[in-house]
Amino acid sequence: MQAKETERADVRSPADEFRDETGAIREDFLNRVSDAIRHHDSAILRDLVGELHEADTGDLIEALEPDLRPQLIELMGKDFDFSALTEVDDTVREEILEELGPETVAEGVRELDSDDAVYILEDLDRQEQVEILNQLPPTERVALERSLLYPEESAGRRMQTEFIAVPPEWNVGQAIDYMRETVDLPDRFYELYVVDPAGKFLGAVALDRLLRTKRPVPIVDLMDEDRRRVRATEDQEEVARQFERYNLVAAPVVDEDDRLVGVLTFDDIVDVIEQEAEEDIRALGGVTGDEELSDTVLVTSRSRLPWLVINMGTAFIAATVISFFEATIEQVVAVAFLMPVNAALGGNAGTQALTVAVRALATQELTASNRGRVIVRECLVGLVNGCALAVLAGTIAALIFGNVKLGLVLSAAMVLTVMFATTLGILVPLLLNRLKIDPAVASGVFVTTTTDVFGFFIFLSFATIMFRLV
């Protein structure tokens, strides 16, 4: 008996063999899958991939050679879980869908929750969407078409149209019997909703409360009439803030007439939070929000080049400022070595304040009620850090070059530069936000350029005065 248990313990499924101890896909597993695809061996492919989680399947698809990806789906047939396509980069997904026929895509989409189906279809051309939607039953087609009509990055695009709605006249027993007898319930749900005959949202009943209550109790006695709801046209980022602020697990979605049209769950919102955070991080680096690792060289270059050109222009502005002090640099050569020190530390200080400000604005932690206090705090932080860096950098410069005056010049310039950069790092995002311009996109270039120009100017001006070169 013990030997049999040991033997069973030694048998590992393909899912267990998928990743190594670092979490990366095992190379031998990837090679076995690739060989199975090339040899059109669907049986081995099903054994290897059939038990994988959708997220693992998505990672596997991205790791495969581009020409093998659609073949994997075709060979798997009905055993392929199309929800795996929601886990891959947009570029990869679009390339795969272009290779698959409308019938294949429609068959896969039919098995998905409506939010996953919309996520797959929304980036396709309208004509391609129509070809796929025409393959679906009328009720499913209408629901998906309605979701696709909502604005991009809105709650309507992210919601599930599968939910449980009951009339207010029912009692607990009727609601429970309805859920037991209905075949096409959502895969996961946390509450049911009460609607009137016109479909207008009246309230929500938490599933745990429903199951703890006796059958004869009217459903309206359990109903939360003040349940927080979201509009279908509301921006997904604002919805994500509500989930975070109020610790929501699910939220009903209503249209302009307060009719219940869908539900958002926390797993949808996690994806939204990740997406918005990625966009902000990329924007701070001068990268367009939709760039992905799977993009081609040409597409990636095209998205990055405009900001590099802008940076080149701003660099020439800084160079022009330096040229005004050519005589100072010629007579005190050490000044040329210390200019980058002052500008670099100022730029870093500004970037620190900028990063905090942009993120605080995105999460609405920085508002009109506290911005004055935050601005004052950042000014004081700049002053304290500037003084600390000035003492350290000035001492090092004086020792290296054997010139106390040069150390004093660097110290004085650094206090002003760091304080200026930190203050600018908080003010620029606030100003851009006030002008309805995304602070994450435009703040970085402006703060960096202005700090460099100011840092060079103030340092060279102090050096010119200190060494009486005017």
Side-chain angles (χ1 to χ4, degrees), residues 54 57-58 61-62 66-67 69-74 76-78 80-163 184 186-187 230-237 239 253-256 259-265 267-269 271-272 275-276 279 288-292 294-296 299:
E54 62 197 53
T57 305
I61 289 172
E62 291 188 330
D67 61 313
R69 294 164 181 166
Q71 295 181 51
L72 166 69
I73 298 172
E74 291 171 343
M76 291 285 293
K78 293 183 178 180
F80 179 77
D81 183 358
F82 261 71
S83 61
L85 293 184
T86 66
E87 304 290 338
V88 303
D89 287 348
D90 293 346
T91 304
V92 173
R93 181 168 56 252
E94 290 171 19
E95 290 174 352
I96 291 173
L97 294 177
E98 286 176 2
E99 296 295 326
L100 299 176
E103 300 83 2
T104 303
V105 178
E107 188 66 30
V109 164
R110 286 188 62 181
E111 305 301 321
L112 301 180
D113 290 336
S114 57
D115 56 334
D116 289 336
V118 170
Y119 191 79
I120 289 175
L121 296 175
E122 64 181 351
D123 290 329
L124 298 177
D125 294 336
R126 181 57 188 166
Q127 184 176 352
E128 292 176 308
Q129 291 178 357
V130 170
E131 289 178 0
I132 294 169
L133 291 170
N134 286 340
Q135 309 289 327
L136 301 176
T139 53
E140 295 177 24
R141 181 174 67 247
V142 169
L144 292 178
E145 285 178 337
R146 183 175 61 182
S147 295
L148 289 168
L149 290 175
Y150 288 113
E152 289 187 23
E153 300 190 346
S154 66
R157 284 287 186 99
R158 293 287 161 259
M159 68 182 182
Q160 294 179 215
T161 55
E162 300 89 3
F163 52 83
D184 57 345
D187 291 338
V230 298
R231 296 286 175 189
T233 53
E234 199 166 348
D235 186 82
Q236 63 179 17
E237 192 170 4
V239 175
V253 182
V254 297
D255 63 13
E256 62 276 4
R259 290 191 297 262
L260 183 65
V261 293
V263 59
L264 277 169
T265 55
D267 57 320
D268 303 313
I269 298 303
D271 294 336
V272 170
Q275 176 186 336
E276 297 293 343
E279 288 179 1
T288 57
D290 55 356
E291 182 183 319
E292 295 171 339
S294 56
D295 288 342
T296 63
V299 170

Close side-chain approach of [X] to [Y], heavy-atom, < 4.5 Å:
X    : Y    : result
Y150 : V261 : yes
R259 : V254 : no
D116 : F82  : no
R110 : Q135 : no
L97  : I132 : no

Apply salt bridge (Lys or Arg N to Asp or Glu O under 4.0 Å) to residues E234 and R158 and explain how you reach the verdict. CA-CA 11 Å; E234 199 166 348; R158 293 287 161 259; over 6 Å; no
Shortest non-hydrogen contact between [X] and [Y], atoms and distance:
X    : Y    : answer
T265 : Q160 : OG1-OE1, 3.8 Å
Q129 : L124 : NE2-O, 3.2 Å
L264 : A155 : CD1-CB, 3.9 Å
S83  : L112 : N-CD2, 3.3 Å
A117 : V109 : CB-CG1, 3.5 Å

Could you walk me through whether V92 and R69 satisfy the side-chain contact (heavy atoms from CB on, under 4.5 Å) test, starting with their C-alpha distance in whole Å, then the side-chain angles of each, then the deciding distance to 0.1 Å, before giving a yes or no? CA-CA 9 Å; V92 173; R69 294 164 181 166; 3.8 Å; yes
Test your reading of the model: is there a side-chain donor-acceptor pair from E128 to the backbone of D125, 3.5 Å cut-off?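 Yes.
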Exam field: side chain D89 to backbone T91, donor-acceptor pair closer than 3.5 Å: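 Absent.
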Do T161 and V118 pass the side-chain contact (heavy atoms from CB on, under 4.5 Å) test, and can you show the C-alpha distance, the side-chain angles, and the key distance before you say yes or no? CA-CA 10 Å; T161 55; V118 170; over 6 Å; no
Atom pair [atom1]/[atom2] of [X] and [Y] - distance to nearest 0.5 Å:
X    : Y    : atom1 : atom2 : result
E162 : D113 : CD    : CG    : 5.0 Å
D268 : M159 : CG    : CE    : 11.0 Å
E145 : L136 : CD    : CG    : 9.0 Å
R157 : D115 : CZ    : CG    : 13.0 Å
E103 : N134 : CD    : CG    : 11.0 Å
D90  : E122 : CG    : CD    : 8.0 Å

Does the pair D271 and T86 meet the rule for a side-chain contact (heavy atoms from CB on, under 4.5 Å), with working shown? CA-CA 10 Å; D271 294 336; T86 66; over 6 Å; no
Using the rule given for side-chain contact (heavy atoms from CB on, under 4.5 Å), can you reason through V253 versus V239, listing the C-alpha separation, both sets of side-chain angles and the distance that settles it, and then say yes or no? CA-CA 10 Å; V253 182; V239 175; over 6 Å; no
